[in-house]
Structures are given as C-alpha cells and as structure tokens.
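Below: the structure, in structure tokens.
In each ligand, atom 1 is the first atom listed, and ligand 1 is the first ligand listed.
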Amino acid sequence: MMNGVLRRIHPEPARQVTLGECYDVARPRPHGRPWVALCMVASVDGSTVVAGRSGALGNANDRQLVMTLRELAGIVLVGAGTVRAEGYGAPSTPGLRIGVVSNSGRVDTTSALFTSGAGFLILPEAAPSVSVEAVRAGATAVDLARAVAALDDVAPDARFVHAEGGPVLNGALAEAGLIDELNLTVSPRLVGGGGPRVIQGAPELSERLELAHLLVDEESFVFSRWVRRAGG
Ligand SMILES: NC(=O)c1ccc[n+]([C@@H]2O[C@H](COP(=O)([O-])OP(=O)(O)OC[C@H]3O[C@@H](n4cnc5c(N)ncnc54)[C@H](OP(=O)(O)O)[C@@H]3O)[C@@H](O)[C@H]2O)c1
C-alpha cells in the first residue's frame, strides 16, 4: 500500500511534509547515555492493542514511521512481552540491533531475530545464562539506566535509541526518567476492551512535554512528536 500524503499542522505554516524531514532531527545526548525516543500507536480511546496486538491500529504511514525511526536510530529497545506477542523476526534495516529487555530470559533465541545477528538480550545478572549476546545490568531485575548507557558499546554508531514498547517496559522507562521523546500515533478508532495504555505500571508522574510537531494524513491518523521540556 502506498503511503498517503502527510500534512504538518504544527508548527506553522501548515504544509505537506515527508517523514524523513520531520524525524531526522537533532537529538542532543543526555549526560552519560544515548537519547531515548519511544514510539507507540494508540486508539483515540487510549488502547495500544486490538486482539492482543498493535497491528490493527496502524496504517501504511505508521508502519513507514517505525521503519524511518529504526533507520535513523540504529538501535531498538523492546520488551520481551512485545517480542513474544508480535513475533519479532529479522529486521529489514541493515545493521540494525534490537535489544530485548527481560527479567526472566524467557525469549526464543532460536528465532530469526537472534539468528540474524540483530537481536541481543538485556538481562539482570540473576537471569539464566543464554546462548546469544547479552547485556547484563542490575542484580535481580534489569537496571534500565545502566542498560541504556551500555547500549553505546553494543552499537557505537547509533544516533539514538528507538524504543518500541510495550506498555510495561514503557512504564519502567518513564519511572526511571529515560523517555526523552514520545512519537505517538493516534489511530482513528474507538476500540474499547481492556488493552493497556501507552504507559503501564509507573507510579504517578508529572513530567512536562513539549509538542515538537503534529502531522495528519488522509486517513485521519495523527502523528505527534513530543519531547521532554527542558527543566522538567
Ligand atoms: N500499540 C503499540 O504501539 C504497541 C507497541 C508495543 C507493544 N504493544 C502491545 O503490547 C502488548 C505487550 O505488552 P507488555 O506491556 O506486556 O509488553 P512489554 O513491556 O514489551 O513486555 C513486558 C515484559 O518485558 C520484560 N520487561 C519489561 N520491562 C522490564 C524491566 N524494566 N526490566 C526487565 N524486564 C522488563 C519482562 O519480560 P520477562 O517476562 O521475560 O521477564 C516483562 O514481562 C502486546 O499485546 C503488544 O502487541 C503495542
């Protein structure tokens, strides 16, 4: 399917744009670790899943956005629950690394994600030994701040970390103050059900964000880019 026309409606002036020009932007490195940009799609009523997966919420522009961010970033961070639910395979982006966060180590390391050489695990010291590359951070649970800092060694040429969820990992990233940017696609649907929000399991937070841009396409999908406001 062809990607539809995207119009930027913020900042002014409104005009037709490409994903590349909107997302290939400067991301200043926070002290001691790479910038983390989270990307999620949610329905208008706030659910991140339909029938246990995100696919039915997206469209061609949303899928292209994920590809664009993968290519720009060079490294992906994703939770084991998402890899299990969505059946992650070998990425089509050459050289891309995909770090899978798990406390249990219960991840299928025989899948193409790992046999392709793209995938690696992010585990606490206490997790069982594994036959694939693993970053160890934290004693009995993954220490995300240390893990994110260690991604510099895994992919020294990466420009930033593109985080693909899911909601539980997002909650831990938010609690640790590690979300520098949120690329949120609002899918024009009411889906009801009990699906998780973008962030699950975090304590109450009061983090201020700034709207960097707002795009809309011909199918009423809204693509927002939010960045952490300087000074919190
Ligand atoms: N709409 C979207 O954009 C979007 C994006 C991604 C996912 N999803 C959907 O979200 C659902 C999965 O949700 P989820 O919240 O369960 O996914 P998740 O955050 O990807 O996975 C949770 C699992 O990841 C590991 N994990 C997460 N945070 C961790 C931390 N701080 N330290 C150590 N391990 C951590 C744990 O794995 P272990 O159990 O192995 O210890 C945990 O059980 C799926 O239905 C998927 O389709 C939607």
Side-chain angles (χ1 to χ4, degrees), residues 36-59 61-70 76-89 98-109 111 113-114 119-128 130 132 134-151 161-179 181-191 193-203 221-226:
V36 178
L38 172 62
C39 181
M40 294 288 288
V41 58
S43 65
V44 172
D45 56 328
S47 178
T48 57
V49 299
V50 173
R53 294 173 66 146
S54 61
L57 290 169
N59 73 347
N61 275 328
D62 182 57
R63 287 185 287 280
Q64 189 55 46
L65 170 60
V66 172
M67 295 304 296
T68 300
L69 287 167
R70 282 183 165 206
V76 172
L77 189 68
V78 64
T82 296
V83 169
R84 292 191 286 259
E86 307 268 350
Y88 269 46
I98 299 184
V100 181
V101 183
S102 169
N103 275 331
S104 69
R106 195 169 63 81
V107 178
D108 178 10
T109 54
S111 69
L113 171 61
F114 293 95
F120 64 97
L121 288 171
I122 299 171
L123 301 169
E125 300 291 348
V130 289
V132 297
V135 169
R136 300 268 175 176
T140 55
V142 172
D143 178 332
L144 283 173
R146 276 181 50 203
V148 167
L151 298 181
V161 175
H162 163 58
E164 295 190 349
V168 168
L169 177 59
N170 298 346
L173 288 169
E175 183 174 3
L178 290 169
I179 300 176
E181 167 179 349
L182 172 58
N183 295 302
L184 178 65
T185 298
V186 177
S187 176
R189 291 178 179 81
L190 295 176
V191 304
R197 294 163 47 194
V198 167
I199 286 180
Q200 283 293 122
F221 279 70
V222 177
F223 302 86
S224 57
R225 177 172 183 268
W226 302 87

Problem set entry | Check against side-chain contact (heavy atoms from CB on, under 4.5 Å), Val132 and Val107 | CA-CA 11 Å; Val132 297; Val107 178; over 6 Å; no
For this session: Identify the two heavy atoms, one from Ser43 and one from Asp45, that lie closest to each other, and give their separation to 0.1 Å.
Result: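 Minimum heavy-atom separation between Ser43 and Asp45: OG-OD1, 2.6 Å.
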Answer with side chain, backbone, both or neither: which part of [X] has a heavy atom less than 4.0 angstrom from an atom of ligand 1?
X: Ala172; answer: side chain
X: Leu144; answer: side chain
X: Arg84; answer: side chain
X: Ala85; answer: side chain
X: Val49; answer: side chain

Problem set entry | Any residue meeting side chain to side chain contact (heavy atoms under 4.5 Å, CB included) with Pro124, in chain and number order, not counting sequence neighbours |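 Scan of Pro124 (side chain to side chain contact (heavy atoms under 4.5 Å, CB included), adjacent residues dropped) gives Asn103, Ala127, Val142.
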For this session: Would you please name every residue forming a side chain to side chain contact (heavy atoms under 4.5 Å, CB included) with Val135, sequence neighbours left out?
Result: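 Side chain to side chain contact (heavy atoms under 4.5 Å, CB included) check on Val135 returns Phe120, Ile122, Ala150, Val154.
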Exercise. Among the heavy atoms of Gln200, does any lie under 4.0 Å from an atom of ligand 1?
Worked result: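 Gln200 does not count as a contact of ligand 1 under the 4.0 Å cut-off.
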Exercise. Hey, does Ala42 sit under 4.0 Å from ligand 1 if you only count heavy atoms?
Worked result: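 Outside the 4.0 Å threshold, so no.
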Problem set entry | Gap separating the CG atom of Leu65 from the CG atom of Asn59, nearest 0.5 angstrom |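 The distance works out to 10.0 Å.
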Exercise. How long is the span from the CE atom in Met40 to the CG atom in Asn183, to the nearest 0.5 Å?
Worked result: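 If I round to the nearest 0.5 Å, the distance is 12.0 Å.
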For this session: From the options Gly81, Pro167, Ala51, Ala137, select the one whose nearest heavy atom is closest to atom 13 (O) of ligand 1.
Result: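 Checking each option, the heavy atom nearest atom 13 (O) of ligand 1 is found in Pro167.
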Exercise. Can you tell me the protein heavy atom closest to atom 25 (C) of ligand 1 and the distance?
Worked result: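 Its nearest protein heavy-atom neighbour is Val101 O, 3.2 Å.
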For this session: Give the residue and atom name of whichever protein heavy atom lies nearest to atom 48 (C) of ligand 1, and the separation in Å to one decimal.
Result: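 That would be Thr48 O, 3.4 Å.
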Exercise. Does the protein put any heavy atom within less than 4.0 Å of atom 42 (C) of ligand 1?
Worked result: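 So atom 42 (C) of ligand 1 lacks protein heavy-atom neighbours under 4.0 Å.
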For this session: Before signing off on this row, confirm whether Val41 and ligand 1 have an N or O atom pair separated by under 3.5 Å.
Result: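 Yes: some nitrogen or oxygen of Val41 is under 3.5 Å from one in ligand 1.
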